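Input: a single structure, listed below in structure tokens.
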Amino acid sequence: MKSLPQRNVRLQEGGLTVNQSMKISGKTIEEALDKAVQEWGTTIDRIEYQVLEEPRKGFLGIGARQAYVEVSVRVDPVEEAAAYLKDVVQAMNVEAEVEVKISRKLISMELEGNSLGLLIGKRGKTLDALQHLTNTVANKHANAKQHIVLDAENYRQNRKESLQRFAERMAGKARREAITIKLEPMDAAERKIVHQTLHRHPDIETTSTGKEPRRHVVITPAAKENPK
């Protein structure tokens, strides 16, 4: 399949995937491609095509033949996910814009607006659900696995800092009182923050126990070595 020169493709990693195709005709190949662009409301940089029949002028109009091409349009998985997210937010009657940031290591979407508590939910559960759905849509269209981090009102960073402070307090209590402390159930990302926060404390041990979604972190004072 012949590919047109690519221009202005926003997604640099992960790849684009073909998900639509059709056969179309025109007096010239260029005219057929212009029809495809208008039909799909896309841009020429996302069009790939294969010539099925070359156009022929004929003699005095006799024997003239149009060009026939099979055209495919490529979809940007991140843009598809962002569009889906906008639709979901609108359906929730929340006014918010979606800002997409793409770097080599991270794809992030930031929900921007006023009073976004409904999109965050208790302890970020709604935000996590929206993030899961957004990733599902992106991966439906991607050749390589996508991982999009969704945030609103800087919730992710604020929650991380809150968990770090909480972990330090519980570790201090476990150390002072020489007791084992079982924390409330957390998802894998939050448990990882706790483990990483307390990893630098040589007198504290952390483990995760239980089954999802009730899996939780246990903080235990490390056993002291007996002097020789």
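Because only heavy atoms are used, hydrogens play no part in the values below, and waters and symmetry mates are left out as well, while side chains stay in. Since we're looking at a predicted model, the values are computed, not measured.
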If every non-hydrogen atom of [X] is compared with every non-hydrogen atom of [Y], which pair is closest and at what distance?
X    : Y    : value
A138 : I148 : CB-CD1, 3.7 Å
T134 : A81  : O-CB, 3.5 Å
L111 : L116 : O-CD1, 3.4 Å
A167 : L198 : O-CD2, 3.6 Å
P55  : I29  : CD-CG1, 4.3 Å
G121 : T126 : CA-OG1, 3.5 Å

Mind checking whether [X] and [Y] have side chains closer than 4.5 Å, heavy atoms only?
X    : Y    : value
I219 : T180 : no
K173 : R169 : no
Y84  : E80  : no
N135 : V137 : no

Quick check on the hydrophobic clustering: are [X] and [Y] connected, directly or via other members, by side-chain heavy-atom contacts under 4.5 Å?
X    : Y    : result
V149 : M109 : no
V69  : L52  : no
Y155 : V94  : yes
L183 : V218 : no
V78  : L133 : yes

Problem set entry | Nearest-0.5 Å distance that lies between atom NZ in K125 and atom CD1 in I120 |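 If we round to the nearest 0.5 Å, K125:NZ and I120:CD1 are 14.0 Å apart.
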Problem set entry | Distance (rounded to the nearest 0.5 Å) between L150 CG and L85 CG |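 Atom-to-atom, L150:CG and L85:CG are 5.5 Å apart.
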Exercise. So which of K122, R123, R156 actually passes salt bridge (charged side-chain N to carboxylate O under 4.0 Å, His left out) with D128?
Worked result: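 Among K122, R123, R156, the one that satisfies the salt bridge (charged side-chain N to carboxylate O under 4.0 Å, His left out) with D128 is R156.
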Problem set entry | Charged N-O contact under 4.0 Å between K101 and E110 |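 Looking at K101 and E110, the cut-off is not met.
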Exercise. Between R191 and E212, is there a salt bridge with N-O shorter than 4.0 Å?
Worked result: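 Yes, this pair counts.
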In this structure, are over 12 heavy atoms from other groups packed under 6.0 Å from [X] atom [atom1]?
X    : atom1 : answer
E112 : CD    : yes
E39  : CD    : no
D87  : CG    : yes
E53  : CD    : yes
E97  : CD    : no
K160 : NZ    : no

Looking at [X] and [Y], would you say the former's side chain and the latter's main chain have a donor-acceptor pair under 3.5 Å?
X    : Y    : result
T197 : I193 : yes
Y68  : E54  : no
E190 : M186 : no

For this session: Would you sort out whether S25 and Q66 count as a side-chain hydrogen bond (donor to acceptor under 3.5 Å, both in side chains), showing the intermediate values?
Result: CA-CA 6 Å; S25 64; Q66 289 194 321; 3.3 Å; yes
For this session: Start with the C-alpha distance between L119 and V89, add both sets of side-chain angles, then the distance that settles side-chain contact (heavy atoms from CB on, under 4.5 Å), and finish with yes or no.
Result: CA-CA 8 Å; L119 301 181; V89 169; 4.1 Å; yes
Do [X] and [Y] meet the criterion of a side-chain donor-acceptor pair at a distance under 3.5 Å?
X    : Y    : result
Q146 : H141 : no
S208 : H195 : yes
E168 : Q164 : no

